[in-house]
Every structure is written in C-alpha cells, then in structure tokens.
Amino acid sequence: MAFFAALFALALAGCALARPTASTLTGAFTCVDAADFTLCQNQWGAASGVGSQNSTLLSASGDSISWSTVYTWENGPNNVKTYANVQQNVGMGVQLSDLASVPTTWQWTYESQSDGLRADVSYDIWTGVPPTGTAASRNSSFEIMIWLSGLGGIQPVGSQTVTNVSIAGFNWNVWKGPNANWETISLVSADGDITDFQVDLKDFFDYLIAEQGVASTQFLQVIQTGTEAFEGQASLLISNFSVAVNPQ
Ligand SMILES: *[C@@H]1O[C@H](CO)[C@@H](O)[C@H](O)[C@H]1NC(C)=O
Ligand SMILES: *[C@@H]1O[C@H](CO)[C@@H](O)[C@H](O)[C@H]1NC(C)=O
Ligand SMILES: *[C@@H]1O[C@H](CO)[C@@H](O)[C@H](O)[C@H]1NC(C)=O
Ligand SMILES: *[C@@H]1O[C@H](CO)[C@@H](O)[C@H](O)[C@H]1NC(C)=O
C-alpha cells in the first residue's frame, strides 16, 4: 500500500507543477524538447579527448528554461569536446533590420569546478542569407558568440580585433576569424564572469551591423546557449535562461 501511495503522491506533484519531469541525457548526441527549447548534449569534439558528460533538464515554461550539465574531460586542452546547449525554436527567420527587441536573461553558476578548468559559457547565434539554416550549415554566414565566461586561457576562433568595447552595459573584447563557410565573431567579456545577464540582444546586433560588417539583411537563423567544455571537471547550473525574439 505504501508503495502505491508514494507513486500516487509523485504523480500528483508532477501534475501540480505542470512541468516536465527532470530528465537526464547521457548519449553523446541526445536531445530533449521542452517548452520553446531543445536541450542537446552535442558532444561533437569528444573524440579529441577522454571523458563523459550528462545534461539534465530541470524545468521549462514558454521562453524560460532551467538545466544543468556535469562533465569530466581530459586531453586535447585546446580542443572543444562538447557544446551542451539549449536552442530556442520560436521566433527565428527574422531579418536583423526587422528586430524590435530580443530580451534575454541568463543566470548561472558553477556548483563545482576543477582547478584550471578550461571552458566557456556562451551564446552561439547563427545568421545567414536565407531565412532558415541549421547551426554550422551551408546556410550560415555569421556565427556570433557572446562569452559570459572564458576560463583557463581558452581563446575564440581568429584573433582579437577590438579591446574593451561597451555594449549593453558590459565591456567586451571582439575576436574575428574565418571558420568553414562562415565568419565567427566572438564578444568575450572583459569584465570577468557575468553570472546574471539581463540585456537586449538587439544592442549586440546593432553593434555588429554598425561596426563589424554584418549586413542588416541577414536573417536570424539560430540562437543556442550553453557551454563549450575543453578540459577539466565541472557542474554547471543554469538556474534561468530565457530569450524572446520580438519583430517590429
Ligand atoms: C554520465 O552518466 C554515465 C551513465 O550513467 C556515467 O557512467 C558517467 O559517470 C556520468 N558522467 C558524469 C561526468 O557524471
Ligand atoms: C537552407 O536554406 C534553404 C532555403 O531557405 C532551405 O530549404 C534549407 O533547408 C536550408 N538548409 C539548411 C541546412 O538549413
Ligand atoms: C574597460 O573600459 C572601462 C571604461 O569604459 C573601464 O572602466 C575598464 O576598467 C576597462 N576594462 C579593462 C579590462 O581595461
Ligand atoms: C526567468 O527569467 C524570465 C525573464 O526575466 C522571467 O520571466 C521568469 O519568471 C524567470 N523564471 C524563473 C524560474 O525565475
């Protein structure tokens, strides 16, 4: 009897929260859909090292999501092993010139991290000439990364071209370089870790159009946010991420 009563109580709790049960991804390329998002492990560079990683969906509702990832990776200190990330599936296919606002919130913390951890916490935003395009595809013109953290001396693609420019109330170093058939532009926090980020991403698009040669006719194709793990052990908690694309 006690066993069935406990199950029943759990079922009720699940209903009351109206949220997905926490689910943990363990497969290298497994994903789970939740509200507006897809959470994916994306262990694309795992072959350059040794280790494992698991990612857990904690809750999701509309354009907000909470998740965590835990990993241990060794070898190949300059190689990205994984980009565990959430992708916003709603609101893509808008030209940059037609964006009214793209409000975003990102609150995160390392619950644990090894000494000398090499990892970033980053947006990975993709634009291109056609309205649709998957990340890192033949439709990609620009990969726009925003690094809220970059630990252990890791560097983005290309070379640093601008030092300490102020955008959306924070200071950034800009890195630029070619990457397959697209160009990667990375804005790396010059203020250290930004663990409570609440801005309008339109400020970044306006800067990239005005100063970095990104055409305003480019379409927003993909917004992903997550962590590139290079080397070390960490448990990263994203207590709240949200992003909404509001066209004019
Ligand atoms: C990930 O999950 C697998 C399978 O449950 C486990 O063997 C591995 O130790 C986990 N990795 C981490 C970093 O927790
Ligand atoms: C590239 O864009 C075309 C035209 O919009 C679309 O049909 C195709 O699915 C896109 N390909 C990828 C890989 O996203
Ligand atoms: C960046 O510039 C701001 C002023 O805009 C200054 O307060 C800050 O110390 C600079 N940061 C670095 C790392 O140079
Ligand atoms: C997450 O942030 C969004 C935007 O600020 C907010 O609307 C939402 O209530 C937050 N969710 C949680 C669980 O704090």
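For the numbers below, each heavy atom of this structure counts, side chains included, while hydrogens, waters and symmetry mates do not. Every number for a ligand or one of its atoms is a count from 1 in the order of the listing.
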Novice: Quick one: look up the protein heavy atom nearest atom 2 (O) of ligand 2 and list residue, atom name and how far away it is.
Specialist: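 Protein heavy atom with the smallest distance to atom 2 (O) of ligand 2: N139 ND2, 2.2 Å.
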
Novice: Using the benzene-type ring in the case of Trp, are the ring centres of Y207 and W172 under 6.0 Å apart?
Specialist: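 For Y207 and W172, the ring centres are not under 6.0 Å apart.
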
Novice: Just to confirm my output: which protein heavy-atom neighbour is closest to atom 13 (C) of ligand 3, and how far is it?
Specialist: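 Its nearest protein heavy-atom neighbour is A190 O, 3.9 Å.
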
Novice: Under 4.0 Å from any heavy atom of G133, which atoms of ligand 2 are there?
Specialist: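 Contacts of ligand 2 toward G133, numbered from 1: 14 (O).
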
Novice: Using a strict 4.0 Å cut-off to heavy atoms of S137, name the atoms of ligand 2 that fall inside it.
Specialist: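 So the atoms of ligand 2 that pass are 13 (C).
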
Novice: Below 4.0 angstrom, counting only protein heavy atoms, does anything approach atom 9 (O) of ligand 2?
Specialist: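 Within 4.0 Å of atom 9 (O) of ligand 2, no protein heavy atoms are found.
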
Novice: So between N173, N164, T163, whose heavy atom ends up nearest atom 11 (N) of ligand 3?
Specialist: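 Of the listed residues, N164 has the closest heavy atom.
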
Novice: Would you compute the distance between atom CG of D124 and atom CG of D120 and round it to the nearest 0.5 angstrom?
Specialist: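 Interatomic distance, D124 CG to D120 CG, rounded to 0.5 Å: 9.0 Å.
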
Novice: Please tell me whether Q212 and K176 have a donor and an acceptor in their side chains that are separated by less than 3.5 angstrom.
Specialist: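 Short answer, yes.
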
Novice: Is the distance from the ring center of W182 to that of W126 below 6.0 Å?
Specialist: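 Here the rings of W126 and W182 have centres that are less than 6.0 Å from each other.
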
Novice: Show the atoms of ligand 2 that are less than 4.0 angstrom away from any heavy atom in P130.
Specialist: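 Matching atoms, with element in brackets: 2 (O), 5 (O).
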
Novice: So S122 and T225, do their side chains get closer than 4.5 Å, heavy atoms only?
Specialist: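 No. Closest side-chain heavy atoms not under 4.5 Å.
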
Novice: How about Y123 and W106: are their ring centres within less than 6.0 Å of each other?
Specialist: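 Yes.
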
Novice: Can you confirm, on distance only, whether ligand 4 has an N/O atom lying under 3.5 Å from any N/O atom belonging to N240?
Specialist: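 N/O-N/O distance below 3.5 Å exists for this pair.
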
Novice: Are F197 and F170 an aromatic pair, judged by ring center distance below 6.0 Å?
Specialist: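 Between F170 and F197, the centre distance is under 6.0 Å.
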
Novice: Pick, from T132, V222, T134, the option with the minimum heavy-atom distance to atom 6 (C) of ligand 2.
Specialist: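 Ranked by closest heavy atom to atom 6 (C) of ligand 2, first place is T132.
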
Novice: May I ask you to identify the nearest protein heavy atom to atom 5 (O) of ligand 3, giving residue, atom name and distance to one decimal place in Å?
Specialist: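 It is N171 OD1, 4.2 Å.
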
